[in-house]
Structure formats: structure tokens, C-alpha cells
Number of protein chains: 2
Amino acid sequence: MNGTNGSGRTAGVNLPDLRNHNAALVLDLLRAAGRDGISRLELADRTGLTPQAVSKITARLREEGFAAEAGQRASTGGKPRTLLRLVPDAGHAVGVHLDRDELRAVLTDLDASVVGERRVPLDLGAGAEAVLETVVREAEELGHAAGGSLLGVGVALPGPLDHVHGVLHRVTGFPEWDGFPLRDALADRLGVPVVVDKDTNAAALGLAVGGERGSFAYLHLGTGLGAGLVIGGTVHRGARTGAGEFGHQVIQMDGLHCWCGNRGCVEALCLAAIGKGDVSEAARVLGEGAANLVGLLDIDLVLLGGRTVTAAPGPFVRGVTSVLADRARREGSPEGAVPVRLAPGGDRVVADGAAQLLLAPVFGRGDG
Amino acid sequence: MNGTNGSGRTAGVNLPDLRNHNAALVLDLLRAAGRDGISRLELADRTGLTPQAVSKITARLREEGFAAEAGQRASTGGKPRTLLRLVPDAGHAVGVHLDRDELRAVLTDLDASVVGERRVPLDLGAGAEAVLETVVREAEELGHAAGGSLLGVGVALPGPLDHVHGVLHRVTGFPEWDGFPLRDALADRLGVPVVVDKDTNAAALGLAVGGERGSFAYLHLGTGLGAGLVIGGTVHRGARTGAGEFGHQVIQMDGLHCWCGNRGCVEALCLAAIGKGDVSEAARVLGEGAANLVGLLDIDLVLLGGRTVTAAPGPFVRGVTSVLADRARREGSPEGAVPVRLAPGGDRVVADGAAQLLLAPVFGRGDG
DNA sequence: CCACTTTCGCAACGCTGTTGCCAAAGTGCA
DNA sequence: TGCACTTTGGCAACAGCGTTGCGAAAGTGG
């Protein structure tokens, strides 16, 4: 058990903390069980708590409207187990994906089901006022449907930023955003809590919530190349929300010049290959970067996403798989290579994950 | 607050867990305070618990012999604060560093002070029986001095292994160790708990306990090149104790052949440069690898160690610093580059850290 | 119909941190 | 020297957490 406060320092745990933790844990298991539901005894088994403790916790959750009974399982010789399930309508969140040329927003319920979606063209360079206007309009439009159960709005966008304070450092190519306090500006106008995060982190969070277990990396190849890291079920952002700077990993010292000033970055090599139409070389480059990452962190899975990948998923998945397999074989890994898959959710992963920035805390997932 | 069991899955937390957590937290703060001691109110402030809770916890710790009063601070206008300190003799651990040609062992007290040390030549290839014999003899010799307060023996060695079960996968160059259950073999003979871990992980743990805050990487350059990662105060081992595979990160695609079968690994390039006597090139290569790592994980600090580094610390620290500074400057990092330092403790870091494998759980640090 | 199994809630309990209160032990001014 | 004040920290009562003991409810199977 680790108690941590915002800065990562360990902190004491008292009874209310404990109560919230266990309740969140049960909610998380209820969500994972989906429509099928899960019984009290199974919850007890998974949490390590006694059945009676689970009964008390679920009774509170039912009273608060977060959980409900959902039929019962077949008997195994005694009283059949009563199934419990999450009440999806008990909470909603809006997720906004701000990309360079498009805004994509979703309204999601507690079950991570998308119950509303909007998509409009956007010019991130049009200035803060215009962009904020659009975000506020789209978020409010979606938020109305949630009524009083709207927990808040999550915003995901590219570029370095401060996740804790919701302040942008800079958005590559758009210097007018430097230092903009996006979270507070939006929270003021919307009147609900707002959380801001990098696009790749949001996507990784969404995938973790969506059922991907353990530790994995989400590699996003679109107009740029970045990564979201999930370690032990939690998004790893680093102290300055800077983790996942995958694209400017150097894999070819003294190689091709990258716009970032370095030479031989994965992003530069990968995009150059794509520019030449050589997708298999792009996949190989991406694979070498992924293999470095897998070796450094000992993760379980690599997921690929982003426009460039979804445009030609097969060659990318095969190419990256092949590099990982080669390197695992040479190094004699007993379990074989780490699997590579296309990230589910298509081009909506980032918006879906942005909504999870608000929902994750309810389920005890990280500081999001 | 995150409750986790061995496999990293989230688990419920009950009152005994909570008690242990808070007690460990207080012990950790007592240790960090060292000989100076720390007052109850300061403990309350740091943990977030109420002063009364701290009073109860420290009363228990004093009763059990782990803490004691240590004078008092100057008054600030009222009753002066009573200082509390750790009782270092309340627990000891033996740390063993098994290197390819040498065994180094220390006896450490709760305060991480080395109270005994031994160092003997060793041939890791001489077979399990001979090596075990040596480890048992040296560990028992040191353990005697601890009397009944010996918590156990920690063993750190190179090569991939399973930290959870204490089983070696293989030790590079010594195939006779493949699959050897080192932990259980030693625990049987020694009659005390034994924990086994990679040398770099042990060193990283020792450094984290030794006062390095936050997240950092320990890069160990000796006969090989590896890394130990500390993320948020906890050693990151990955699912298969495989994290920190830094040496076989490819930074020169299609470059120099490495013995591992890949091409352009940091280790191959670095050792080749050293072979040519070109330390500054070795440092540059190491720096590029370190910069990749810093970017991926957004860590706060890079520490260098290992025989090759301690033989010429200046050029390595300067060389790596320079690469990190260049890349940070180009990428426009507002906080500037991540600092690079020589790991304190010299060639004893691994043995010191191995002892911490047993002590860390007492202070609520990870699953060690 | 009855014995048995299994689920699950009620009640009492032990233990946690918290709150209210007061004694202890200083400072500082009259 | 005396007294008011500040600050520390323990004692006692308390609320709330998960746990234990036990029994009612709700099935199966002979």
C-alpha cells in the first residue's frame, strides 16, 4: 500500500482514505465486469477483503446510486449469487481531443460508453480566444445531455504541458499558446472541473481503462510521434508531465537532422521513410524505438495508433512485431517477444481517454 | 492510495494494512532524519496524520524498540519538542554483491550504516556449489555480529533473473547458472530470509534509500552496461525483473555488431570506444542513451557508477552532462537539463543496496 | 419433505485515527 | 519572583473501518 500526495511523496493514510480506496476498488471491478455483473463473493476474492466488508461497501454504493443488483448467477448447490453492476448513468464526463486541425469531443458515462459525440474543424493557431470559444460551445452542447451528473471536462492536446496545473508549455508550431493556463480558463467558463493532459497520456489512460492489463506503451504516430506509458495500471507522466517523449529518442547517432535540432530521432527517420512511401522502413524504425522502450521498462504490450498507423495498420503492426521478435529471439527471452497490436477505438482513442481523465479518480486510478 | 499485491494488481486495504503502512512511513521519516531526530509534530506534518495519531504510532514503535527519544529542540515560546530517532541496532541485514570475479558483502543496520564488511575473490563460473559455499560462509560470518536482529540476506548479481521467485534465468557467460533457484538454495542453508535481485536494481534501491529523492536512473558501466530505475521513490523492475535493459538499447541502427546479436547497442559502442581509449566518445554514447531514457521517463536525475566510471569519473560525468544539456537546450526545456552526478558510495553501492532489499520493506518501500 | 450447501445481512467486536480536554514545560513580561 | 501565555503531548471518549459470530434466506439433491 502506498499513500502518495500530488508531488509523489509518500503520505499517511487515515480511515476516510481507506474507505475511499476500497470503494473505488470495488467500483473499478464493477466497471470491469460490465453488463454481466459480478457477485459479492467474487469482489471479496479479488480485493482480498472479507465478504462482509464487500457487502457493506456495496450497500453504500447502492444507496448512493452507483451500483445496482442485476439478476443472479446459477446456483452451485446453494443460494445463488446475486450479481451487482455499475449504474452507468450515475456519472458522465466530456472528453475533448484538441488536435492541430480538428476538435473531437465525446460524452461518456461511467461505463466508458460513448453517449454523445461531436467533431468540428479547428485551427489551433487561430488564437486562444477562438479556440476556447469552440471548446466551450462543444463541451456545453454535450454536457447538457448529462444533466447534473457531469463530473467535468477532460482536454487532451499535443505538446508539452503541466498536467498538475493544467498549463501549456508550448504547442509545437503555435507559439501563442506558450504558458497558457488552459485548465483554469476553461474551468472558469464551463463551471465544472477541467483536467488537461497530453494526447498520448489520455489515450493510454483510456486504453488502460478499456481493459488493457498490466504495463504497456501506446505509440501514437500522426503528424508527430509520441508515446503514452502505463505502468502497473497507472499512467506514468513523470515529474513534469514530460514522460513519453518517444519521438525524439535518438536511434541513429549523427543521422538525419530532425526539426528538434537533434540527429537521428525516431520521428525524423520514421516520417522521412513515410515521405518516401517506404512504410516498411518506417515500421522498422518504429520497431527499433519500441524495442528500446520495451527493454528499458519491461512492459507487456505495445499498442499502435494515430492517423498514419490507422491508414495502414497491417504493415505497421507486422513491421514492429518483426523487430521485437528478432530482438527478443537474439536476447533469448524465455517468454518470447512482447505482443504488438493496433490500439482499439480507432481515431477516437484520445477523446475517449480525455473523458477518462475525469472518470479515473472515481475508480481509484492515479491522480488524473 | 494504492494497494497492490505481488503481481501488481490492485488490492483491498484493511486496518492492519493501514497500521503497517503508517508505521513504516513514520519509520522511514525517522531514518531520513538520522541522528538529529525529528519531533512528533514534524512527523504529523509530513505524513498528514494528526499529532495524536503520530503519538500513538511512535509509542508503539518505542515499545517495540524501533524508536527512542533523543533530547529536545529549543523552545519557540512553549514546551520544547521532544525529538525521536530510529534505534539503528533494532535490525540488521547482510548485503552480498556477487560479481563475476569478486564477492563483496556488508552488514548494515537499520540506519543504513555499514557495521561490517568483507571482500573475497570469486569465480562465478566455478559452479553453484562452490559459489554457494562462499556466500554462506561470508554471510554467516557477518551475520553473527547482528545476533538475533538479522532480518535476512540480500543478494545482488548481474544478469536476468526473477526477482519475485529468486530464480536466475542466466548469467551471461556462465550457462551453468541457467534456471538456478538461488534464493531458496541460500535460504535453506542460511535459515534466514533471502532476497535476490539484479545488481543495478539493488544499487538503485540503495541510492533511493540513501537520500536521492524522486525519480532517477542509475547507470552502471562495468564489464557490461545496465540501469536501475527509481520512479517516485520505488524501484521499477517490470513484470519480469527485466527493466533497466539499458545496454542493449540501439542508438545506431545498422551500426557496430554487439555480442547480443543486435547492432548499434549503447553497450557495444561504449565499450568499443573505451577499448580504443576514447573515453570522451564513450561518454557521448552513454549520454545519448541517457538522454533517450530521460526523455522517455521524465526523470529528475542521472547517477553514474560502476568500475569503468569510477576509474575516470570526471570525463564521464562531464560528457554525459554535456549531451543532456545540448538536447535539453535544443528542445527548449524550461527547467534546463537533468543533473548528472557520480553515484555516491563508490564500488560498494551494489552491496549496500543488496542489504536494503531486506530493510526496504520495513520502511514501506516497495515489495523488496 | 428434509438434509445440506451456499449466500448474505445483522449485531457485537477490535482496532484505527480523531476530537476534546488537560497536565506538563517551557518563555517572557511585570 | 510571580503570573499570563504558548506549545507540546498524553488520557479518555468517540466515530468509523473491516472482522467475526451467527442465523435467516434461498437454492439443490436425495
Side-chain angles (χ1 to χ4, degrees), chain A residues 1 3 10-27 29-30 37-64 67-85 364, chain B residues 1 3 5 10-26 29-30 37-64 67-85 364:
Chain A
M1 178 172 62
T10 322
V13 179
N14 55 20
L15 290 164
D17 295 338
L18 180 143
R19 171 192 170 127
N20 288 337
H21 172 80
N22 287 340
L25 202 59
V26 168
L27 274 177
L29 290 170
L30 285 174
I38 184 171
S39 75
R40 289 174 180 78
L41 287 175
E42 285 162 342
L43 289 170
D45 191 48
R46 301 259 195 117
T47 56
L49 299 172
T50 60
Q52 191 56 273
V54 171
S55 270
K56 284 192 180 179
I57 292 166
T58 54
R60 280 199 301 264
L61 292 176
R62 284 195 298 159
E63 210 167 307
E64 294 162 6
E69 297 199 341
Q72 45 189 46
R73 237 185 255 295
S75 167
T76 60
K79 177 174 178 176
R81 301 183 173 184
T82 312
L83 294 173
L84 299 167
R85 61 170 180 78
Chain B
M1 178 171 60
N5 58 25
T10 321
V13 178
N14 54 22
L15 289 166
D17 295 339
L18 179 142
R19 170 193 171 127
N20 289 337
H21 172 80
N22 287 341
L25 202 60
V26 169
L29 290 170
L30 286 173
I38 184 172
S39 74
R40 289 174 179 78
L41 288 175
E42 284 162 343
L43 288 170
D45 191 50
R46 301 260 195 117
T47 56
L49 299 173
T50 61
Q52 193 54 251
V54 172
S55 271
K56 283 190 180 180
I57 292 167
T58 55
R60 282 199 300 264
L61 292 176
R62 285 194 299 158
E63 209 167 307
E64 294 163 3
E69 297 199 340
Q72 44 188 45
R73 237 186 255 295
S75 167
T76 59
K79 179 176 179 176
R81 301 183 173 186
T82 310
L83 294 173
L84 299 167
R85 62 171 178 78

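Reckoned from all heavy atoms, side chains included, excluding hydrogens, waters and symmetry mates. So that the names make sense, note that chain A is the first sequence line, chain B the second, and so on, each numbered from 1.
- Contact of the B/Leu29 side chain with the B/Glu42 side chain is not registered, since no non-hydrogen atoms from C-beta on lie closer than 4.5 Å.
- With DNA chain D read from its 5' end, the first of the two nearest nucleotides for A/Ala23 and B/Glu69 is the one closest to B/Glu69.
- The CZ atom of B/Arg81 sits 14 Å away from the P atom of D/dG10 (whole-angstrom rounding).
- The nearest whole Å value for the distance from the CG atom in B/Asp17 to the P atom in C/dC15 is 15 Å.
- The side chain of B/Asn22 places no N or O atom within less than 4.0 Å of a non-bridging phosphate oxygen (OP1 or OP2) of C/dT16.
- Look at CD on B/Glu42: it is 12 Å from C1' on D/dT8, rounded to the nearest Å.
- Here D/dT19 presents its P atom at 12 Å from CG of B/Leu18, a figure rounded to the nearest Å.
- Per the geometry, NE2 belonging to A/His21 stands 13 Å off C1' belonging to D/dC17, to the nearest Å.
- Separating the CG atom in B/Leu49 from the NZ atom in B/Lys56 is a distance of 12.0 Å, to the nearest 0.5 Å.
- Nucleic acid contact for A/Thr82: sugar-phosphate only, since backbone atoms but no base atoms lie under 4.0 Å from a heavy atom of the residue.
- In this entry the distance linking CD1 of A/Ile57 with P of D/dG16 reads 16 Å, nearest Å.
- In this structure, B/Arg73 atom CZ and D/dT8 atom C1' are separated by 13 Å, rounded to whole Å.
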Along nucleotides 19-30 of chain C, 5' to 3', which nucleotides get a B, which get an S, and which get a -, given that the test is a protein heavy-atom distance under 4.0 Å?
-> BB---BBBS---
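- Looking at which nucleotide of DNA chain C each of A/Pro16 and A/Arg40 is closest to, the 5′-most match is held by A/Arg40.
- In this entry the distance linking NZ of A/Lys56 with C1' of D/dT20 reads 11 Å, nearest Å.
- Remark: side-chain polar atoms of B/Asn20 are not paired, donor with acceptor, to backbone N or O of B/Asp17 under 3.5 angstrom.
- Of the side-chain N and O atoms in B/Asn14, one or more sit less than 4.0 angstrom from OP1 or OP2 of D/dT19.
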